[in-house]
2 protein chains.
Amino acid sequence: MNIYDISEKAGVSIATVSRVLNGSSRVSPKTREHVLAVMAEQGYVPNAFARGLGLKSMKTIGLLCPNAGDPYLALAITYLERAFRANGYDCLLSCTGKARSDRVKGVELLLSKLVDGMVLMGSTFLEANESGNKYLQNAAKRVPLVMLNAAYACENVYCVVCDDYRATMEATQSLLDSGRKNILYLYHSRNASGQKKLAGYQAGLQSRGLPIRDDLIHFFAEDKMSVPAVRDFLLSLAHQGLTFDAVLSSEDILSVGAAKYARVSRRSVPESLSIIGYNNSSFALCCEPELTSVDNKLEVLCNACVSTMLSVLSGKDAPQKTVYHAELVKRGSTL
Amino acid sequence: MNIYDISEKAGVSIATVSRVLNGSSRVSPKTREHVLAVMAEQGYVPNAFARGLGLKSMKTIGLLCPNAGDPYLALAITYLERAFRANGYDCLLSCTGKARSDRVKGVELLLSKLVDGMVLMGSTFLEANESGNKYLQNAAKRVPLVMLNAAYACENVYCVVCDDYRATMEATQSLLDSGRKNILYLYHSRNASGQKKLAGYQAGLQSRGLPIRDDLIHFFAEDKMSVPAVRDFLLSLAHQGLTFDAVLSSEDILSVGAAKYARVSRRSVPESLSIIGYNNSSFALCCEPELTSVDNKLEVLCNACVSTMLSVLSGKDAPQKTVYHAELVKRGSTL
DNA sequence: TTGTACGCGTTATCAC
DNA sequence: GTGATAACGCGTACAA
């Protein structure tokens, strides 16, 4: 069942059928009705490949993420997909993993599928050295790129970020201003966003005249980022004699580990230990008391990604960079 | 840069270029080398739409899920996408929500994009009445359907499920055999899978000669399925005088709520209250003690979905239904 | 307002 | 082995 069959059964040319199909202007209401009736009767659906061939687009967006199993990124996928779909675009998903070669391959694969644009989720896709981002520059020559939570200045690359630096700085200041002296900082990623968060923590300390102490800053590799692992690690830290009265982390799950440490070692939260998480996820609600957490407005960011992309695709100009401010959601784990 | 350009620069016909491209049969090693060299030099990538038009396939699988924000489904997406990609297929994601009309639309939209097959995640896509599943039957006439965690007997529909019934039955028996008398059952979904779990719980009770008590069975709507909400609900139940010494749930997060209830009301786990969750997710590790949980082997199920789909697509015959057995992972929340 | 004819970039079927 | 050439199904100038 193709456009020729319809044109024949309807007694018109394929051009007319095509016009009806594309809601195009000049078709007499009468023939339009008739053609539509025939199409409905025959259950006709235009061939997407042929259409794509002609239009050079199948209205598809590539979604790249290092790992869709991460609840945070999973949420982002939901938000992005929903918004794109509402605007007539489908999403091709590509979970590349973090290995550089796989990420590059993922980008190329999506390009080879002729997506209209790509959204790159998280700053994992950014390399420290400029030459490492050559693959992004090349991709941007073919389709618009929108980066979520990553900042990269480049032609045809648009960035939507939350101000992680300011967020952790303010969280740190909030802890200090409530009387805390020794804030443990736990983080799980050294990518650009992870570095910003760390820098914000350090800036927060310095803004109150406190030194940056390496013994209060700890990194967790991905496979070590489980609640029990963090709990045990903090237990060992305390056992070694390290003193701390607050924990700030780059991920709620790390802070849940801290809460667990507190319970096991009978330290009361928030009286003896303040805890702040990041992402304001369901995990923040798992603890007793519930965790104060930085809400980085994921849904807002995602919607901004989509509307930016749509603007670019429709030829309108869009902001190269959009920055939102995170919000500290205060709950029972802080004074 | 298309196949004509390459053929011209290489001094061969497009037929030969096409043969080289498809690793196809009889091409002299010499010309093959030459053509490959020209393609590499020109950075030629064949047009996916044109290829799709000819082959009637773009090697794309449609992934349908009611809600990718659900960590469980998010994980499933990761597993499925990874396995399909490893086999040369891309995934078109469609998060439809649970409304019936949207689900039907989602299926139709993927069909209109000419996917090679579809994976439907969760039994949300199954209706109770047979006529409600007409849309699945129709879809199955066009492409193979694989259902994850849903059983539906129909031509060209393949199902991969975990035996939820047996899983909750065994979990229930395990609780009873450890001396528990009054098991609270909390669930969050009334779809086919949710009904199986509930039935398993009931069967477990009856297998030990206990009655099914409606006052011990409670449903949580999606928006009520948060840790604090469950905690508060259990507090109110206890306040009303209901006695229970164990909680079994259809979702880890519900059980986390139960753990929180226990802490707030100073009931010790597992001495005074046993708790079992479902899915064996990260949430099960958030509590102190960690939760015993039913591991329904999601990754195994997903891989089975993919290999089933690949078999069908390659013309081999595949099992109409594949059933796996869940495993009760015992942790500190049970005796 | 409607129809004709060509282009889009491949794959596949023939001949040679 | 290799090369013409016809599909594949649709969009769209251009003509009528």
Side-chain angles (χ1 to χ4, degrees), chain A residues 1-39 42-60 88 90 109 111-116 142-143 313, chain B residues 1-39 42-60 88 90 109 111-116 142-143 313:
Chain A
M1 189 56 49
N2 59 28
I3 201 172
Y4 288 96
D5 299 326
I6 300 297
S7 79
E8 190 173 330
K9 288 188 200 298
V12 297
S13 77
I14 65 160
T16 301
V17 178
S18 179
R19 290 193 191 94
V20 171
L21 219 46
N22 298 295
S24 160
S25 42
R26 291 164 286 269
V27 183
S28 84
K30 187 181 164 188
T31 39
R32 153 165 291 132
E33 291 295 312
H34 182 52
V35 172
L36 282 174
V38 174
M39 296 199 316
Q42 302 291 325
Y44 167 69
V45 178
N47 182 294
F49 298 154
R51 178 174 246 172
L53 186 57
L55 296 177
K56 298 179 187 316
S57 158
M58 272 182 66
K59 301 213 72 167
T60 303
D90 275 344
L109 215 60
L111 284 179
S112 79
K113 292 267 179 159
L114 300 175
V115 294
D116 295 311
R142 310 196 57 79
V143 299
L313 290 178
Chain B
M1 188 57 49
N2 60 27
I3 202 172
Y4 287 97
D5 299 327
I6 300 297
S7 81
E8 189 174 330
K9 289 190 201 296
V12 296
S13 77
I14 63 163
T16 300
V17 177
S18 180
R19 289 194 191 94
V20 171
L21 218 47
N22 298 294
S24 158
S25 44
R26 288 165 287 268
V27 184
S28 85
K30 188 181 163 186
T31 40
R32 154 164 291 131
E33 290 295 311
H34 181 52
V35 171
L36 282 174
V38 173
M39 296 198 318
Q42 302 292 326
Y44 166 68
V45 178
N47 183 294
F49 298 155
R51 178 173 246 171
L53 186 56
L55 296 178
K56 299 180 188 313
S57 158
M58 271 181 69
K59 300 213 70 165
T60 303
D90 276 344
L109 215 60
L111 284 179
S112 79
K113 291 268 180 160
L114 299 176
V115 294
D116 295 308
R142 310 195 57 79
V143 298
L313 290 178

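A, B, ... follow the sequence lines: proteins, then strands. Residue 1 opens every chain. Side-chain atoms are counted along with the backbone in the values below, which use heavy atoms only and exclude waters and symmetry mates.
- Rounded to an integer number of Å, the gap from L21(B) CG to dT10(C) C1' is 9 Å.
- For the pair E33(B) CD and dT2(D) P, the computed distance is 13 Å after rounding to whole Å.
- Taking side-chain N and O atoms only, R51(B) has no distance below 4.0 Å to OP1 or OP2 of dG9(C).
- Whole-Å rounding puts the H34(B) NE2 to dT2(D) C1' distance at 14 Å.
- For Q42(A), the CD atom sits in a packed shell: over 12 heavy atoms of surrounding residues, nucleotides or ligands are nearer than 6.0 Å.
- Dashed line: the shortest gap from a side-chain N or O of T31(B) to OP1 or OP2 of dG1(D) is not under 4.0 Å.
- Residue R19(A) places none of its side-chain N or O atoms closer than 4.0 Å to OP1 or OP2 of dT1(C).
- Screening L36(B), V38(B), I6(B) for a side-chain contact (heavy atoms from CB on, under 4.5 Å) with V20(B), the sole residue that qualifies is L36(B).
- Nearest-nucleotide mapping onto DNA chain C: of T16(A) and A50(B), the residue sitting toward the 5' end is T16(A).
- Spacing between atom CE of M58(B) and atom P of dT10(C) amounts to 13 Å, rounded to whole angstrom units.
- Rounded to an integer number of Å, the gap from I3(A) CD1 to dT2(C) C1' is 14 Å.
- Side-chain nitrogen and oxygen atoms of N2(B) include none within less than 4.0 Å of the OP1 or OP2 phosphate oxygen of dC8(C).
- A close approach under 4.0 Å does not occur between any side-chain nitrogen or oxygen of Y4(A) and OP1 or OP2 of dG3(C).
- Atom C1' of nucleotide dC14(C) and atom CD1 of I14(B) are separated by 14 Å, given to the nearest angstrom.
- Out of dA4(D), dA12(C), dG11(D), the shortest distance to the side chain of L55(B) is found at dA12(C).
- When each of A15(A) and P29(A) is assigned the nucleotide of DNA chain C bearing its nearest heavy atom, the one mapping closer to the 5' terminus is P29(A).
- Taking only side-chain atoms of S28(B), from C-beta outward, the nucleotide of dT10(C), dT2(D), dT1(C) with the closest atom is dT2(D).
- Remark on DNA chain D: of its neighbouring residues S18(A) and L53(B), the 5'-side contact belongs to L53(B), judged by nearest-heavy-atom nucleotide.
- In this model, the phosphate group of dG11(D) is approached by a side-chain N or O of N22(A) to a distance below 4.0 Å at OP1 or OP2.
- For the pair K59(A) NZ and dG11(D) P, the interatomic distance rounds to 13 Å; values are reported in whole Å.
- Following rounding to the nearest Å, E8(A) (CD) and dG9(D) (C1') show an atom-to-atom distance of 15 Å.
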